[in-house]
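Here is the structure we will look at, set down as structure tokens.
Just follow the structure's listing: the first ligand is 1, and inside any ligand the first atom is 1. Here the structure is a predicted model, which is why all the values come from computation and not from measurement.
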Amino acid sequence: MKKHNGITNSVLDLVGDTPLIRLNKITKELNGEFLAKYEAFNPGHSMKDRIATHIVEQAEKRGILKKGSKVIETTSGNTGFSIALVCIIKGYECILAVNSKASKGKINMLRSMGAKVYVCPANVSADDPRSYYQVAKRLHEETADSVYINQYFNDLNSEAHYLSTGPEIWEQTKGKVTHVVVASGTGGTISGVGKYLKEQNPDVKILGVDAFGSILKKFHETSDFDTNEIYPYRIEGLGKNLIPSATNFEVIDVFEKVTDEAAAHKARELALMEGLFTGYTSGAVVQATTQYAEQGYFDKNSVVVMILPDHGSRYMEKIYSDEWMREQGFFDSKKHEKNALEII
Ligand code: PMP
């Protein structure tokens with residue numbers, strides 16, 4: 001945990017050890033104490049800094065990486081940014097294969113952090129040699145001293161959270177945590193945190209958050225891969241159309257699904273009511289917490305930790321844009337009239 005006394009050797013010393021922030025207003029009507037683990041305080045503004053650092057450091061320990069070696073992944077999201085950051089500090093080359101749907105802004109952000117970005121066609125199947133999976137795989141196979149992060153299928157992903165996020169929550173709550181609400185994408189966070197906390201106290205409940213349009217909840221309940229569950233949705237980073245081997249379904253007690261609309265409004269409420277400017281999945285986590293509360297999961301003695309994965313700055317053209325909200329049919333003028341834009 002705390003890796004410095006005021007002066008750090010690099011930004012990597014600031015990865016992890018994020019605060020728990022008590023929510024005072026947004027959960028006021030609910031039974032229990034509600035604490036937000038604010039992962040935007042990581043230097044790369046998301047909890048993916050934890051897995052990028054851990055996976056790269058494990059590869060270093062195994063002697064795979066030398067100065068200038070390549071670290072490869074298929075992502076335009078938080079993981080890409082975190083890998084780029086780790087590579088800058090440690091002197092590796094960050095290679096990201098992204099699909100052509102990734103926004104210009106995201107690609108500019110990754111390139112600003114030194115990443116070499118391959119833009120691959122979005123409309124080809126995963127086994128097409130031009131797909132971002134195949135491009136990343138080929139680059140990895142062709143380069144002996146490279147590491148493929150492969151976050152959906154890498155056990156080191158959940159191990160990063162088992163070794164850091166889980167112990168932090170246990171120590172910060174002095175072992176009083178009763179429930180943790182976690183968004184599941186690769187499943188790394190929920191699996192690592194869940195395993196660690198259940199080893200400390202098997203009564204801790206691990207409450208998952210899934211999206212309508214994702215397979216995870218149904219698969220957890222039935223072990224069926226029901227393709228009817230899969231359809232497009234807006235929330236990014238949460239839910240999946242495949243079963244990631246990085247997810248340990250056994251440590252998850254239950255999943256709750258949230259809608260794109262409710263999650264978007266909740267993220268904006270978090271900003272307006274608590275001053276927490278977070279990403280879309282943070283809204284999903286707080287929305288799911290409200291739904292779990294309505295179903296009677298908590299009482300006045302509950303200590304509920306909600307993991308808020310990333311910062312709002314990555315969603316300016318989405319949930320924080322009134323135009324985007326209007327296009328989705330989500331805009332509610334009553335909610336936003338207080339600070340409506342005045343053009344003089
Ligand atoms: N929220 C955001 C914004 C993410 O980028 C991710 C990662 N896909 C998640 C939640 C889910 O975390 P995990 O991959 O550890 O399940």
Side-chain angles (χ1 to χ4, degrees), residues 16 18 36-42 44-55 73-83 96 98 102 106 109-110 149-166 169 180-196 206-211 214-217 219-220 233-249 251-252 255 258 260 263-264 266-267 270 276-288 306-316 318-320:
T18 54
K37 188 142 181 76
Y38 194 48
E39 290 293 294
F41 271 22
N42 280 294
H45 304 151
S46 89
M47 82 295 196
K48 292 295 181 185
D49 285 359
R50 298 175 187 266
I51 75 163
T53 317
H54 183 61
I55 296 174
E73 182 58 319
T74 51
T75 172
S76 62
N78 287 325
T79 308
F81 192 87
S82 297
I83 298 168
L96 303 173
V98 311
K106 275 191 174 171
M109 187 167 76
L110 297 169
I149 298 283
N150 201 11
Q151 59 173 337
Y152 283 90
F153 300 97
N154 190 340
D155 290 345
L156 296 173
N157 174 353
S158 63
E159 188 178 270
H161 293 286
Y162 177 83
L163 294 172
S164 67
T165 325
I169 293 171
V180 190
V181 189
V182 198
S184 197
T186 67
T189 314
I190 198 166
S191 305
V193 166
K195 180 165 183 262
Y196 182 84
I206 304 298
L207 310 180
V209 184
D210 193 17
S214 155
I215 189 88
L216 299 178
K217 177 177 164 69
F219 182 81
H220 179 247
Y233 57 91
R234 301 265 168 243
I235 310 173
E236 295 163 72
L238 153 73
K240 208 54 204 166
N241 56 0
L242 53 79
I243 305 302
S245 69
T247 309
N248 177 358
F249 285 89
V251 301
I252 304 167
F255 272 108
V258 296
D260 288 337
K266 207 50 111 181
L270 261 175
L276 292 176
F277 189 52
T278 64
Y280 205 164
T281 56
S282 299
V285 166
V286 177
Q287 174 60 29
M306 291 160 287
I307 301 183
L308 307 188
D310 71 349
H311 192 256
S313 55
R314 290 182 184 161
Y315 305 86
M316 299 311 298
K318 298 223 164 145
I319 54 175
Y320 295 110

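Counting only heavy atoms of the protein, atom 14 (O) of ligand 1 lies nearest to Thr186 OG1, 2.6 Å. Looking only at protein heavy atoms, the nearest one to atom 5 (O) of ligand 1 is Asn78 ND2, 3.1 Å. The protein atom (non-hydrogen) at minimum distance from atom 15 (O) of ligand 1 is Thr189 OG1, 2.6 Å. Regarding atom 7 (C) of ligand 1, its nearest protein heavy-atom neighbour is Lys48 CE, 3.1 Å. Looking at atom 12 (O) of ligand 1, its nearest protein heavy atom turns out to be Met47 CE, 3.2 Å. Summary of contacts: the protein heavy atom closest to atom 2 (C) of ligand 1 is Thr281 OG1, 3.5 Å.
Remark: Lys318 fails to qualify as a cation-pi partner of Tyr280 under the 6.0 Å distance and 45° angle criteria applied to the six-membered ring.
Distances below 4.0 Å separate heavy atoms of Tyr315 from the following atoms of ligand 1: 3 (C). Which parts of ligand 1 touch Asp310 is read off a 4.0 Å heavy-atom cut-off, strictly below it: atoms 3 (C). For ligand 1, the atoms closer than 4.0 angstrom to any heavy atom of Pro309 are 1 (N), 2 (C), 10 (C). For ligand 1, the atoms sitting less than 4.0 Å from at least one non-hydrogen atom of Ser184 are 16 (O), numbered in the order shown with element in parentheses.
Here the shortest heavy-atom distance to atom 9 (C) of ligand 1, taken over Gly237, Gly185, Gly187, belongs to Gly237.
Ring-plane geometry between Phe277 and His311 is classed as perpendicular, the angle between the planes exceeding 60 degrees on a 0 to 90 degree scale with a lower cut at 30.
Looking at Asp49, Ile51, Ile149 one by one, the single match for side chain to side chain contact (heavy atoms under 4.5 Å, CB included) with Ser82 turns out to be Asp49.
Two residues are said to be in side-chain contact when any heavy atoms from C-beta on lie closer than 4.5 Å; Phe255 and Phe219 fail this criterion.
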Original post:
After noting the C-alpha distance and the side-chain angles of Phe81 and Ser46, does the key distance pass the side chain to side chain contact (heavy atoms under 4.5 Å, CB included) rule?
Top reply: CA-CA 9 Å; Phe81 192 87; Ser46 89; over 6 Å; no

Original post:
Should Arg50 and Thr165 be marked as a side chain to side chain contact (heavy atoms under 4.5 Å, CB included) after you check the CA-CA gap, both sets of side-chain angles, and the distance that decides it?
Top reply: CA-CA 8 Å; Arg50 298 175 187 266; Thr165 325; 3.2 Å; yes

**OP:** Test Glu73 against Lys48 for salt bridge (charged side-chain N to carboxylate O under 4.0 Å, His left out), laying out the working first.
**Re:** CA-CA 13 Å; Glu73 182 58 319; Lys48 292 295 181 185; over 6 Å; no

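Side-chain contact, Gln151 with Thr79: a donor N or O sits under 3.5 Å from an acceptor N or O.
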